[in-house]
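Reminder, nothing fancy here: chain letters follow the sequence lines and each chain counts from 1.
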Amino acid sequence: MSWHVAEEDLRAYARGELAPPLLWSADAHLAGCAECRAVLAAVWEPGALDAAWERLDAELDAPRPRPLERLLLRLGVAGHTARLLAATPVLRRSWLAAVTLVLAMSVLTARAGHSDTLFLVVAPLLPLAGVALSYGPAVDPTYEMTVVAPLHGFRLLMIRTVAVLVAGLALGALAGLALPGFGLGALGWLLPALALTATGLALTPRFGPVGAPSAVGGGWVALLLVADAARESGDRALAPFTAAGQGVAAGVAALAAGLLFLLRDRFDRSPSPFRGGAR
Amino acid sequence: MSPASLLLPSAQECRMTVTVSASGLGLRYGRTHALDDVSLRLGRGVTGLLGPNGAGKTTLLRVLATAVPADEGAFTVLGHDPATARGRQELRRELGYLPQTPGFHPDFTPFEFVDYVAILKELTDRAARHREVRRVLAEAGLDEVRGKRVKKLSGGMRQRVALAAALVGDPGFLVLDEPTVGLDPEQRMRFREVIARAGEDRTVLLSTHQTEDVAMLCHRVLVMAGGRIRFAGTPAELTARAAGRVWSSTGRDPGAKAGWRTGAGTFRNVGDPPEGADLLEPTLEDGYLLTLDGDPAEVTA
């Protein structure tokens with residue numbers, strides 16, 4: 001053997017505190033080096049074995065992560081964040097299945113009717129609804145415990161919002177790919193989706209977790225009806241899906257995100273049913 | 001004694017180290033005063049909160065747990081003032097809360113659920129967190145079912161999961177909203193064990209309908225009605241309110257505020273006894289009933 005494991009590392013190894021990649025090389029080396037094994041035996045502290053057994057026991061005892069958590073862990077999400085996300089109601093299969101179904105139907109309608117309008121109208125509403133359904137007393141069974149937890153309510157909301165947005169936008173983008181005939185126009189829902197979601201959240205402290213997204217969703221449908229009525233016969237796209245409309249959507253999304261940030265502390269209290277919003 | 005005397009500490013309060021202190025708490029729901037000028041002081045140990053339905057017990061607990069802000073008044077918990085964002089967060093770090101209807105993610109196991117709550121309580125180090133989760137699950141007697149899904153557990157077991165979640169992170173202030181409701185006698189006994197142990201070095205506020213819980217567990221008791229505190233003192237003091245006001249008779253006594261035929265065939269009456277009545281030893285329940293029945297101004301400790 002041309003080299004030996006440093007004694008300090010062997011002590012850490014004995015305590016179970018040596019981290020990879022040093023751990024791996026120490027493991028491999030110890031198998032073939034009697035000298036290092038002797039040093040290891042000498043530095044082995046009494047009680048270390050018990051501690052190691054306890055660690056092993058705890059490891060065997062810890063629940064095996066569910067598929068969603070495993071996927072998140074594989075994507076590099078921290079273990080505790082993955083557990084928080086696993087408790088998000090809308091990341092469950094039922095919600096994802098519903099979103100897929102709605103998108104599939106609007107894609108089929110678009111392909112049959114040669115118009116992507118229905119898809120563009122529906123797709124931005126899905127992330128809005130998804131985010132609305134991922135928090136709040138009506139949908140989160142542990143809401144009361146969550147509110148009084150020291151983890152900042154806004155942080156939890158943002159973790160869940162980002163997860164729902166990523167899932168929703170990915171499914172929407174996949175659906176958009178199924179409409180190749182409409183080119184980039186089929187992605188026109190993305191910015192409105194962000195604008196609606198951010199506005200819905202920003203209005204929540206004032207109008208509550210049900211009122212705000214409902215009002216924003218209703219506003220979106222009303223806006224499209226008005227845009228449809230105002231559309232001149234030559235126009236193919238509704239106003240929100242034109243270049244100018246997309247610019248407005250981006251502006252609204254940025255403004256709402258700023259407002260949301262300013263109101264972040266308001267997500268720290270339970271909404272009172274008699275006062276209409278979180279205080 | 002005037003209502004203002006509520007604000008004056010009793011002899012017992014003078015002896016205890018105050019950990020939770022509230023003054024003038026008020027909260028309205030529409031026109032209803034859910035809390036009406038509530039002031040209190042709590043120290044270490046288990047304090048029982050008794051009162052009929054709609055008395056404002058849950059509202060008081062939710063305010064003290066920072067789930068809802070009060071319209072009026074102020075309070076501190078272990079020196080932390082929830083009026084500021086910083087104080088609120090510090091308070092929440094010291095808080096264990098079992099809500100009246102605790103919710104669960106039904107697909108989680110007790111281990112996963114308590115682990116989830118531990119993360120909400122900022123225990124991010126996995127090894128330390130899992131150690132803590134194992135500790136509280138053992139404390140709540142859930143060792144054998146920690147791998148089962150919560151939706152497959154009985155109501156009593158779920159209640160224990162919620163208690164374990166409240167205990168995680170070793171909080172200094174435990175708020176328990178009717179934790180023994182719907183439990184069978186054996187489960188209730190186990191709950192009392194855990195709560196009594198928790199109260200040895202913490203401040204525990206326990207809302208309950210069971211005067212028995214208070215008699216067996218609590219070193220202090222508050223009685224609420226109509227959004228106000230009607231009594232604050234020791235269980236013995238509450239019992240003493242009924243001294244000389246419980247008597248036995250062979251027939252129904254029209255002077256009794258409450259009276260019922262006991263298993264022995266005689267009537268047990270609570271109220272204003274007639275001259276020469278056969279007086280009985282009062283219970284905490286008698287004191288509680290008379291406190292609810294009395295004039296708020298005279299029922300302070």
Side-chain angles (χ1 to χ4, degrees), chain A residues 16-17 51 54-55 57-69 73 78-89 91-94 137-156 159 264-275 278-279, chain B residues 27-32 34 62 64-69 71 82 85 88-113 115-127 129-131 133-134 146-147 150 162 165-166 169 175 177:
Chain A
E17 289 168 3
E54 198 190 320
R55 268 199 307 280
D57 189 33
E59 208 50 51
L60 291 174
D61 206 40
R64 203 164 157 265
R66 302 283 163 78
L68 171 67
E69 266 185 85
L73 291 172
H80 55 278
T81 308
R83 174 60 44 86
L84 288 179
L85 287 173
T88 307
L91 288 178
R92 299 292 171 88
R93 246 168 291 165
S94 51
V139 287
D140 185 352
T142 60
Y143 182 75
E144 185 104 335
M145 290 187 212
T146 311
V147 165
V148 304
L151 183 86
H152 203 280
F154 186 70
R155 200 176 137 213
L156 182 61
I159 289 175
R264 62 193 182 281
D265 279 344
R266 305 270 292 269
F267 288 89
D268 239 7
R269 293 293 183 99
S270 201
S272 159
F274 295 90
R275 292 197 205 97
R279 293 195 353 147
Chain B
L27 182 63
R28 278 160 174 270
Y29 288 144
R31 285 193 190 159
T32 315
R62 293 186 74 214
L64 293 177
T66 73
V68 283
D71 294 334
R88 194 158 59 237
Q89 201 187 15
E90 289 298 326
L91 190 163
R92 287 172 174 176
R93 288 191 174 129
E94 292 283 353
L95 176 76
Y97 178 40
L98 192 158
Q100 189 173 34
T101 45
F104 300 96
H105 294 292
D107 284 334
F108 274 4
T109 63
F111 192 109
E112 288 171 323
F113 180 73
D115 190 44
Y116 169 71
V117 175
I119 293 167
L120 291 176
K121 290 190 179 178
E122 298 177 317
L123 300 177
T124 46
D125 178 73
R126 185 170 176 271
R129 188 176 74 239
H130 282 186
R131 219 169 21 245
V133 172
R134 282 151 54 102
R146 65 182 167 202
V150 171
V175 176
D177 198 350

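In this structure, CD in B:Glu112 is found 6.5 Å from CD in A:Glu69, a value given to the nearest 0.5 Å. Between atom OG1 of residue A:Thr142 and atom CZ of residue B:Phe104 there is a gap of 10.0 Å, rounded to the nearest 0.5 Å. In this structure, CD in A:Glu144 is found 9.5 Å from CD in B:Gln100, a value given to the nearest 0.5 Å. With values rounded to the nearest 0.5 angstrom, B:Phe113 atom CZ is found 11.5 Å from A:Arg83 atom CZ. Here A:Asp265 contributes atom CG and B:Arg88 contributes atom CZ; the two are 6.5 Å apart, rounded to the nearest 0.5 Å. If you take CG on B:Leu120 and CZ on A:Arg155, they are separated by 10.5 Å, rounding to the nearest 0.5 Å.
No side-chain heavy atom of B:Tyr116 sits under 4.5 Å from any side-chain heavy atom of A:Met145. Looking only at side-chain heavy atoms (C-beta outward), A:Val147 and B:Arg92 come within less than 4.5 Å of each other.
Both the backbone and the side chain of B:Pro102 come within less than 4.5 Å of a heavy atom in chain A. For B:Leu95, the part lying near chain A is the side chain, with the backbone staying farther off; criterion is any non-hydrogen pair under 4.5 Å.
Partners of A:His80 according to the side chain to side chain donor-acceptor pair (under 3.5 Å) rule, which considers only residues two or more places apart in sequence or in another chain, do not exist here. Partners of B:Tyr97 by ring pair (Phe, Tyr, Trp, His ring centres under 6.0 Å), not counting sequence neighbours: none found.
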